[in-house]
Amino acid sequence: MKKKKKILNLLEPYLWLLPSMLLMAIFILVPIYEVFRISLSKVTKAGVIKGFIGLANFEKVLGGSAFPMVLKNTLVWTVVVVGLSTLIGFILAIVLNNQFRGRKIARAIVVFPWATSLIIQAGVWKFIIDTDYGALNTLLMRLGILEKSANWTPTPGAYFAWECWVGIFVTVPFVMFCVLSGLQSIDNAYYEAATVDGATYWQRLFRITVPLVKPSLTVSTVLNIIYVFNSFPIIWTITKGDPANHTDTLVTYLYKLAFYNGKSGEAAAVSVVGFLILCVCASVYMVISLRKEGGDE
């Protein structure tokens, strides 16, 4: 009887985890397996798998003229949006962690872009920068800054820059609240002791604040890399990746391959490439962060 009880006690945690593990297997592991399988198969436009063809889909995708540009766009999009949103979010968190009149209102204003649908945000910004009817041109002309409407998107690069700005705008609140939660967990005694010892503001910031919020910053950065890399609504709403794939990222490109061109096998191959890039980037970032934390200790 005692032996059975011991076995049950050992198995109990796993039994509680079993429903979650089953859900993960059904909704995460199975789709991942299917994407890998499709990427290695010949697939008709109707989505019927005809047989194994090895790496042929990868060869078509990687050898295509559009893929290098799409990959470059994806990396630029991810680095710019994650990097600048992390920097701005960190600064805003430092500011909003201080006591001042209207702090709650300021926090509500900052979080508003995050609480709104990405499609709505992208649609609003698309209207703002419109050459003929945009709110930005209307405002600047009424203020007398412009005499006539300016074209804010004369090139695909300009369109892509605006998309990056929208990505930063909607991502900053997430970073800010992650860092703010870390800041509020820091005991004020550290700052008091540092002040008594004659530490300046910048010394307190880089010797106390930054090291202690690093875990929160690491989590927000890894999640942001994943979210931004896979972000679809902003680019699709503003440009749909046009003209000629100049503003496409991997997710919009694979969407076109799958649902516009009926090339499900190649779309799955693009998805696998993106998955592997994300795994490598997230792993490298985590390893570097953990090594730095270990070195600091």
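No experiment lies behind these values; they were computed from the predicted model shown.
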Pair [X], [Y]: side-chain N/O donor-acceptor within cut-off below 3.5 Å:
X: T131; Y: N151; result: yes
X: D130; Y: W152; result: no
X: T209; Y: Y191; result: yes

Is the closest side-chain heavy-atom distance between [X] and [Y] below 4.5 Å?
X: I235; Y: W77; value: yes
X: T116; Y: V124; value: no
X: F58; Y: V273; value: yes
X: V43; Y: V48; value: no
X: F160; Y: H246; value: no

Same cluster (ILVMFWY, side-chain, under 4.5 Å), [X] and [Y]:
X: L180; Y: V95; answer: no
X: L71; Y: V81; answer: yes
X: M69; Y: L257; answer: no
X: I128; Y: I145; answer: yes
X: F127; Y: I120; answer: no

[Y] and [X] aromatic ring geometry - parallel, tilted or perpendicular at 30°/60° bounds:
X: W165; Y: W125; answer: perpendicular
X: W202; Y: F206; answer: parallel
X: W236; Y: Y260; answer: perpendicular

Provide the closest heavy-atom pair for [X] versus [Y] in the form atom of the first, atom of the second, distance.
X: V175; Y: F90; answer: CG1-N, 4.3 Å
X: V80; Y: C164; answer: CG1-CB, 4.2 Å
X: G123; Y: T237; answer: N-CG2, 3.8 Å
X: N57; Y: L40; answer: ND2-N, 4.4 Å

Practice prompt. Tell me, yes or no, whether the heavy-atom count around Y33 atom OH, taken from other residues, nucleotides or ligands under 6.0 Å, exceeds 12.
Written response: no
Main-chain N/O of [Y] paired with [X] side-chain donor or acceptor, under 3.5 Å:
X: D197; Y: A199; value: no
X: R107; Y: L96; value: yes
X: S85; Y: I168; value: no
X: S231; Y: V228; value: no

Fill in: Gap between atom CG of D248 and atom OG1 of T239 - 0.5 Å precision
7.0 Å
Worksheet item: Rounded to the nearest 0.5 Å, how far apart are CD1 of I208 and OH of Y190?
Response: 9.0 Å
Discussion item. As a quick check of understanding, evaluate side chain to side chain contact (heavy atoms under 4.5 Å, CB included) for V82 and Y227, giving each step before the final call.
Written reply: CA-CA 10 Å; V82 173; Y227 294 155; over 6 Å; no
Item to complete: Inspect the contact between K256 and D242 and indicate whether a charged nitrogen and a carboxylate oxygen are less than 4.0 angstrom apart.
Response: yes
